2 protein chains.
Amino acid sequence: MKNQDKKIRIKDIALLAGVSEGTVDRVLHNRGEVSEKSRIVVEKILEEINYSPNLLARSLASKKHFRFVCLIPNHQPEDYWESVERGFDLARKDYLQYNIHLEKHLYNQFDLNSFTSVSAKVLDSKPDAVIFAPIFREQALNFTQELNLQKIPFSFIDSMIEDVDFISYYGQNSFQSGYVAAKLLLNSLPDHAQVIIIRTKRKGGESNQTITRSKGFMQYINDKHLINFELINVDLTDDNEEANLNVLREVFNTNNNIKAAITFNSKVYRLANYLNSLHCTNIRLIGYDLLEENIKYLKSDVISFLLAQRPDKQAYLTIRDMCSELIFKQKIKKTNYVPIDILMKENIEDYMEFRE
Amino acid sequence: MKNQDKKIRIKDIALLAGVSEGTVDRVLHNRGEVSEKSRIVVEKILEEINYSPNLLARSLASKKHFRFVCLIPNHQPEDYWESVERGFDLARKDYLQYNIHLEKHLYNQFDLNSFTSVSAKVLDSKPDAVIFAPIFREQALNFTQELNLQKIPFSFIDSMIEDVDFISYYGQNSFQSGYVAAKLLLNSLPDHAQVIIIRTKRKGGESNQTITRSKGFMQYINDKHLINFELINVDLTDDNEEANLNVLREVFNTNNNIKAAITFNSKVYRLANYLNSLHCTNIRLIGYDLLEENIKYLKSDVISFLLAQRPDKQAYLTIRDMCSELIFKQKIKKTNYVPIDILMKENIEDYMEFRE
DNA sequence: GGTAGTTCTGTGTTCGCACACGAAATTATT
DNA sequence: AATAATTTCGTGTGCGAACACAGAACTACC
């Protein structure tokens, strides 16, 4: 229709400016080596014409190759991190055309040393960019400093470290997601209902995210001055099913008005499991993340709500933005909170089906 | 790492097969003019090597240009259709590189003749593909037949017509979204609560989508054998605010246990408005679509839930898929139900912020 | 004014693919 | 067997931009 649909080539503006194509090229990439005079002329035309390069041709011709390294925890099948990896794989495919080579490196998320050693190796390999999940805060911080020193740009995924010069971050606002969970869990409960909060002790302590979610949850209760129910904290172990069952049995024996339960990590399916074993029905149950097991219990009405993000999407976009920044020189948004998706039995189907 | 990262050019496979590049090209596009013998050889290599063309180079070299026409209702600012248009605009920008030219044509969604005349004009202009919203079923059906005759591929948006040979469709499962609404609206209501359903008479009758949502809503009630509440149907007009207010006032006067309300079109903000005027608080209110006004009331806790889709995304993907099909010859999914997004005050912020 | 050194500029090649045109090989026709 | 008709094949050019290299213009210095 209008200007948007017309193609303008370097050749054209060279013609208009009365200089050679080489000169235009030099101005575009400010490679120096251009006289003040012709630079001004070309820049004026560039401005007027609102030139935008043909990205296809650009990367086709470009001899530059980029190595992006993704550094994330290793994981079980159907894990949260597997989704992340799927996103990276998709991006790898899409961006290969742009001469971008994606490498994945994994570390053990329960072993601090694993992170330091793998990250050191990554540094040695001199990548053009790094995308990583800063699970161990301090070590991650060190890593970012090294990256800065070597002028290697990096992005965070899943969680982030403030006050550090990263390219972009995609992740959920954990606090807010706890807040949302509270609303869903506590809204229109019968008076004097009892609500249990499950925490799981695991090696390495509770994760940051889990803690933040819990804070958001509590904040909601404070904000709304909710008092017509009773909160019961229950601590479970990471590995002893038998013990956990006993603890829960005891809880249910001594409290006979439990109407709701929540856990802030992604393992709500285990809780669902226990409730099933104990024949506790009619309990409003909320958890996080779309693990296969979680979905199963959501579909069978044991779990009422799952709060989800889109890890694969986040991973993909992180790569995309890194490209935009490094290669296409476009300005991008640094901190991106992804939506807190509310899933229940009735809308999970379409959600899962729709992978975009 | 492995094969994925190696680039294979036509030149390479020509070399491997011992034929000329021209021949490979002919096999790839089966332009005929290739002897059985060399075709087989090339095809075998193609298979082995798992060749995938460089899309950048392909469309850079291609002289083909495509004209896609989008045919949607005209609309108010901040309307549902404006989002759709935004999606198209974005796609237009992204796909211009691929020699695709997007045109938008608008028709009056309350005037059947407007559709027929605009669609006729579109046909005359012989576009390479058409994307349209089949608001008027019968006229749309005629249109598809003409398109078929002229071998112009087309996709639906927003709603669809079954049993017609379209390329793709993105839209919400209206029935299911009614079902979801029912669950959110009716779950854990106090006993004997009253629930009002608002319908709006408008010229041209209720829209298909509205009717289907309502059916889904009712189906939920049936499926769950819910009986502990009373449904009250209220009919409002499209234009007479005064009358509507009176009707509602009357309803609230004669029923003093109204706890929830829903409307199946996107104008729930009007209902919110009325409730405000009548000083009816503490009513669980659910509606559809992210109109600015709706969001306002959601944020101020008048509306409890909004069910949303992503019209811009749908529009964008429709274009993308049309390209995949026509230009990149990839197989795509025909019917795509988009997720039913559940928004409330606490998660709308991140959702709106995240435009991907 | 001549030469060396520096800054600037024009041209040519390449990326991977599409497409056209003409040459070569094959088949048909007399 | 020679020629015409047809099928197959090889090569060259262009898409829009990146980059390299050599040559031109300009500067500095003796």
Side-chain angles (χ1 to χ4, degrees), chain A residues 5-43 45-46 49-66 95-101 326-329, chain B residues 5-43 45-46 49-66 95-101 326-329:
Chain A
D5 279 27
K6 230 187 309 170
K7 283 188 192 170
I8 300 152
R9 296 149 317 181
I10 285 194
K11 204 194 272 187
D12 295 329
I13 64 174
L15 216 64
L16 282 172
V19 298
S20 77
E21 298 180 36
T23 303
V24 176
D25 181 276
R26 278 169 218 121
V27 174
L28 278 172
H29 300 80
N30 46 290
R31 293 196 226 271
E33 322 272 286
V34 175
S35 69
E36 192 66 5
K37 199 179 50 157
S38 38
R39 213 203 57 223
I40 303 233
V41 179
V42 172
E43 268 171 355
I45 305 250
L46 241 33
I49 223 78
N50 193 12
Y51 170 76
S52 76
N54 184 321
L55 294 187
L56 305 190
R58 163 167 291 183
S59 62
L60 184 61
S62 172
K63 309 193 130 32
K64 284 207 196 77
H65 281 244
F66 298 86
Y95 286 100
L96 176 56
Q97 303 181 315
Y98 294 99
N99 287 333
I100 287 151
H101 306 270
L326 256 58
I327 302 168
F328 309 138
K329 323 264 179 190
Chain B
D5 277 29
K6 230 186 311 167
K7 283 189 193 171
I8 300 150
R9 296 146 316 176
I10 284 193
K11 206 194 270 187
D12 295 330
I13 63 171
L15 216 64
L16 282 173
V19 298
S20 76
E21 298 180 37
T23 303
V24 176
D25 181 277
R26 278 170 216 120
V27 174
L28 277 172
H29 300 82
N30 47 290
R31 294 194 226 272
E33 324 272 285
V34 176
S35 70
E36 191 67 4
K37 197 178 50 150
S38 38
R39 213 201 61 228
I40 302 229
V41 178
V42 172
E43 269 171 356
I45 305 249
L46 241 32
I49 222 80
N50 195 12
Y51 169 78
S52 74
N54 183 323
L55 294 188
L56 305 189
R58 164 169 291 184
S59 62
L60 184 61
S62 172
K63 310 191 129 31
K64 283 208 196 77
H65 281 243
F66 297 86
Y95 286 99
L96 176 56
Q97 303 181 314
Y98 294 99
N99 288 332
I100 287 151
H101 305 270
L326 256 57
I327 302 169
F328 310 137
K329 323 265 180 190

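Remember, it's a predicted structure, so these values are computed and weren't measured experimentally. Below, chain A is the first sequence line, B the second, and so on; all start at residue 1.
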- Does any residue of residues 56-66 of chain B have a heavy atom under 4.0 Å from DNA chain D, and if so, which ones, in number order? Leu60(B), Ala61(B)
- Between Val27(B) and the options Ile45(B), Val41(B), Ile10(B), Leu46(B), the side-chain contact (heavy atoms from CB on, under 4.5 Å) test singles out Leu46(B)
- Presence of Thr23(A) side-chain N/O under 4.0 Å of dC8(C) phosphate oxygens OP1/OP2: no
- Message: Using whole Å, what does the distance between atom P of nucleotide dA20(D) and atom CZ of Arg31(A) come to?
- Response: 8 Å
- Query: Rounded to whole angstrom units, what separation is found between the CZ atom of Arg26(B) and the C1' atom of dT8(D)?
  - Reply: 7 Å
- Task: Apply the side-chain contact (heavy atoms from CB on, under 4.5 Å) test between Tyr51(A) and each candidate in Val42(A), Ile8(A), Asp12(A); give the one that qualifies.
- Result: Ile8(A)
- Task: Please assess Glu21(B) against Asp25(B) for the test side chain to side chain contact (heavy atoms under 4.5 Å, CB included), listing each intermediate value before the final yes or no.
- Result: CA-CA 6 Å; Glu21(B) 298 180 37; Asp25(B) 181 277; over 6 Å; no
- Item | Ser35(B) side chain near dC9(D) phosphate (N/O to OP1/OP2, under 4.0 Å) | yes
- Query: For the atom pair CD1 (Ile49(B)) and CG (Leu16(B)), what is the distance rounded to the nearest 0.5 Å?
  - Reply: 5.5 Å
- Does Tyr51(A) place a side-chain N or O at less than 4.0 Å from the phosphate oxygens OP1/OP2 of dA17(D)? yes
- Query: Atom CD1 of Ile8(A) and atom C1' of dG16(D): how far apart are they, to the nearest Å?
  - Reply: 13 Å
- Message: Could you check whether any side-chain heavy atom of Ile100(A) comes within less than 4.5 Å of a side-chain heavy atom of Ile327(A), counting everything from C-beta outward?
- Response: yes
- Note on the structure: When rounded to whole Å, the CD1 to P distance for the pair Ile327(A) and dA18(D) reads 13 Å
- Check whether any side-chain heavy atom of Val19(A) lies under 4.5 Å from a side-chain heavy atom of Val34(A), and answer yes or no. no
- Item | Proximal nucleotide (of dT11(C), dC17(C), dC9(D)) relative to the Pro53(B) side chain | dC17(C)
- Message: From CG of Asn54(B) over to P of dT14(C), roughly how many Å is that when rounded to an integer?
- Response: 18 Å
- Atom pair distance, as rounded to whole Å: CG in Leu55(A) and P in dA17(D): 10 Å
- Note on the structure: Under a 4.0 Å heavy-atom cutoff, the residues of residues 9-16 of chain A touching DNA chain D are Arg9(A), Ile10(A)
- Message: Rounded to the nearest 0.5 Å, what separates atom CZ in Arg31(A) from atom OG1 in Thr23(A)?
- Response: 12.0 Å
Let me check something: any side-chain donor-acceptor pairs from residues 55-63 of chain A under 3.5 Å, sequence neighbours excluded? List them with distances.
unit_1: Ser59(A); atom_1: OG; unit_2: Leu55(A); atom_2: O; d: 3.3
unit_1: Ser62(A); atom_1: OG; unit_2: Lys64(A); atom_2: N; d: 3.1

- Message: Expressed as a whole number of angstroms, how long is the span from Glu21(A):CD to dT14(C):C1'?
- Response: 14 Å
- Within the pair Ser20(A) and dT9(C), is there a side-chain N or O less than 4.0 Å away from OP1 or OP2? no
- Describe the nucleic acid contact of Asp25(B) in one word from base, sugar-phosphate, nothing, applying a heavy-atom distance below 4.0 Å. base
- Query: Whole-Å distance between dA20(C) C1' and His29(B) NE2?
  - Reply: 14 Å
- Once you round to the nearest 0.5 Å, how far does CD1 of Ile13(B) lie from NZ of Lys11(B)? 13.0 Å
